[in-house]
Protein chains: 2
Amino acid sequence: MLKYESQLDGIFRALADPSRRAMVERLTHGHASLGALAEPLEMTLSAVQQHLSILRDAGLVSTEKVGRTRMCTLRIEQLDLVDRWFDDRRAHWERRIDRLDAYLAKGDGT
Amino acid sequence: MLKYESQLDGIFRALADPSRRAMVERLTHGHASLGALAEPLEMTLSAVQQHLSILRDAGLVSTEKVGRTRMCTLRIEQLDLVDRWFDDRRAHWERRIDRLDAYLAKGDGT
DNA sequence: ATAATACTTTAGCGAATGCTTAAGTATGAG
DNA sequence: CTCATACTTAAGCATTCGCTAAAGTATTAT
């Protein structure tokens, strides 16, 4: 899956900005309009929309127009990709710990 | 903890680049010199060193000079900060699911 | 001492980021 | 229809990013 790696690029990049993380955090509490997401952030609506685009490109947020408001929803299954990457890293790391344990046990001939 | 947020900035940004993720992945298998980290990456040693600086600034990697080689080590405990952030998000998300369940159960008067 | 190795530092460059302002469009209220 | 609301789009701009080339320094080999 060549796409997996480039998806991670987008997800990590999206989460690297504090304003965007704040938006994600807000969305874990439920749907929100663009205006609602923008309200606590000290920047123009235009800037917030650009952040939203990055979150949408990363697949972290989906949006839908309802009347004249744009409703945003968090796509948690996309966050799971990050979990997956961390689990894979941990697998190698923990195998290393296991080997270290084995090595120490072998030398430990009390 | 004001530092926590800015630490996350650095960590997520560091992981947003595929070359840097490759370096982290390599380091989960054990220590490695700068040259060893650079070998599979198609760029100059100078570029790899700049990536290493970003990983070091993010607290993900520590280094030590041994003779004329620079040995690099992964700081897994720094990766745990990301886990923590995800767990916090999940806590809210899962509470939302719980409330949805409760709401559906209430309306389900069979 | 000389040379090779393994980095290190600095300057520079094109592209991407994170904003802003200004001028749109579409929808709902009166 | 008129006006306010809620976004949307486009242009511009300073900064940061990812990279290279070139010229260092420090350590080990011969």
Side-chain angles (χ1 to χ4, degrees), chain A residues 2-3 5-27 30-74, chain B residues 2 5-27 29-74:
Chain A
L2 288 177
K3 221 150 101 186
E5 278 294 314
S6 58
Q7 277 198 102
L8 284 178
D9 285 3
I11 296 170
F12 279 124
R13 184 171 94 69
L15 296 178
D17 183 275
S19 303
R20 287 192 296 260
R21 277 203 307 283
M23 291 168 75
V24 167
E25 288 186 35
R26 169 65 187 78
L27 288 172
H31 311 278
S33 67
L34 180 57
L37 288 177
E39 195 247 13
L41 304 174
E42 297 186 343
M43 62 183 73
T44 61
L45 194 62
S46 181
V48 176
Q49 194 161 24
Q50 287 166 57
H51 281 306
L52 181 62
S53 293
I54 289 171
L55 289 170
R56 195 140 37 72
D57 290 349
L60 290 171
V61 169
S62 64
T63 72
E64 190 197 351
K65 261 266 162 170
V66 180
R68 60 187 164 179
T69 76
R70 178 163 296 278
M71 286 305 284
C72 307
T73 312
L74 188 62
Chain B
L2 286 176
E5 278 295 315
S6 58
Q7 276 199 103
L8 284 177
D9 285 3
I11 296 170
F12 279 124
R13 184 171 95 70
L15 296 177
D17 183 275
S19 303
R20 287 192 297 260
R21 276 203 308 280
M23 292 167 75
V24 168
E25 288 186 36
R26 168 66 187 78
L27 288 172
H29 299 302
H31 311 279
S33 68
L34 218 206
L37 288 177
E39 195 245 13
L41 304 174
E42 298 186 342
M43 62 183 72
T44 60
L45 194 62
S46 181
V48 176
Q49 195 161 22
Q50 286 166 59
H51 281 306
L52 181 63
S53 294
I54 290 171
L55 289 170
R56 196 142 36 73
D57 290 349
L60 290 171
V61 170
S62 64
T63 73
E64 189 196 354
K65 261 265 166 172
V66 179
R68 59 187 165 180
T69 75
R70 178 163 295 277
M71 287 304 284
C72 307
T73 311
L74 188 62

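Computed from a predicted model, the values in this text were never measured in an experiment. Letters A, B, ... are given to chains in the order of the sequence lines, protein chains preceding strands, and every chain is numbered from 1.
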What pairs with A:Glu25 under side-chain hydrogen bond (donor to acceptor under 3.5 Å, both in side chains), at least two apart in sequence or on another chain?
B:Trp85
Output yes when a side-chain donor or acceptor of A:Arg70 lies under 3.5 Å from a complementary backbone atom of A:Leu34, and no otherwise.
no
Expressed as a whole number of angstroms, how long is the span from B:Arg56:CZ to C:dT8:C1'?
11 Å
Who pairs with B:Arg21 by side-chain hydrogen bond (donor to acceptor under 3.5 Å, both in side chains), at least two apart in sequence or on another chain?
A:Glu5, A:Asp9
For B:Glu64 and C:dA6, give me the distance from atom CD to atom P, rounded to whole Å.
18 Å
Compute whether any side-chain donor of one residue and acceptor of the other, for B:Ser46 and B:Gln50, lie under 3.5 angstrom apart.
yes
To the nearest 0.5 Å, what is the distance between CG (B:Leu60) and CG (B:Leu52)?
11.0 Å
Give A:Leu45 one of three labels, base, sugar-phosphate or nothing, depending on what nucleic acid heavy atoms sit under 4.0 Å from its own.
base
Quick one: is A:His51 getting a side-chain N or O under 4.0 Å of the C:dC19 phosphate, OP1 or OP2?
yes
Report the C-alpha distance between B:Thr73 and B:Glu64 in whole Å, list the side-chain angles of each, state the deciding distance to 0.1 Å, and finish with yes or no for side chain to side chain contact (heavy atoms under 4.5 Å, CB included).
CA-CA 9 Å; B:Thr73 311; B:Glu64 189 196 354; over 6 Å; no
Quick test: give all pairs of protein nitrogen or oxygen and nucleotides 23-28 of chain C nitrogen or oxygen below 3.5 Å, distance rounded to 0.1 Å.
residue	atom	partner	partner atom	Å
C:dT27	O2	A:Arg68	NH1	3.0

With a strict under 4.0 Å distance from non-hydrogen atoms of chain B, what nucleotide opens and what nucleotide closes the contacted stretch of DNA chain D, reading 5' to 3'?
D:dC17 to D:dT28
Mind checking what makes ring pair (Phe, Tyr, Trp, His ring centres under 6.0 Å) contact with B:His31, not counting sequence neighbours?
none
For A:Thr44, report the nucleic acid contact type (base, sugar-phosphate, nothing); a contact means any heavy atom under 4.0 Å.
base
Nearest whole angstrom, please: distance from the P of C:dT17 to the CG of A:Asp9.
11 Å
Hey, is the side chain of B:Lys65 poking within less than 4.0 Å of OP1 or OP2 on C:dA6, counting only N and O atoms?
no
At what distance, to the nearest 0.5 angstrom, does CE of B:Met23 lie from CG of B:Leu55?
5.5 Å
To the nearest Å, how far apart are B:Leu52 CG and C:dT8 P?
8 Å
At a cut-off of 3.5 Å, list every protein nitrogen or oxygen paired with a nitrogen or oxygen from nucleotides 9-16 of chain C, distance to 0.1 Å.
residue	atom	partner	partner atom	Å
C:dT9	O4	B:Ser46	OG	3.1

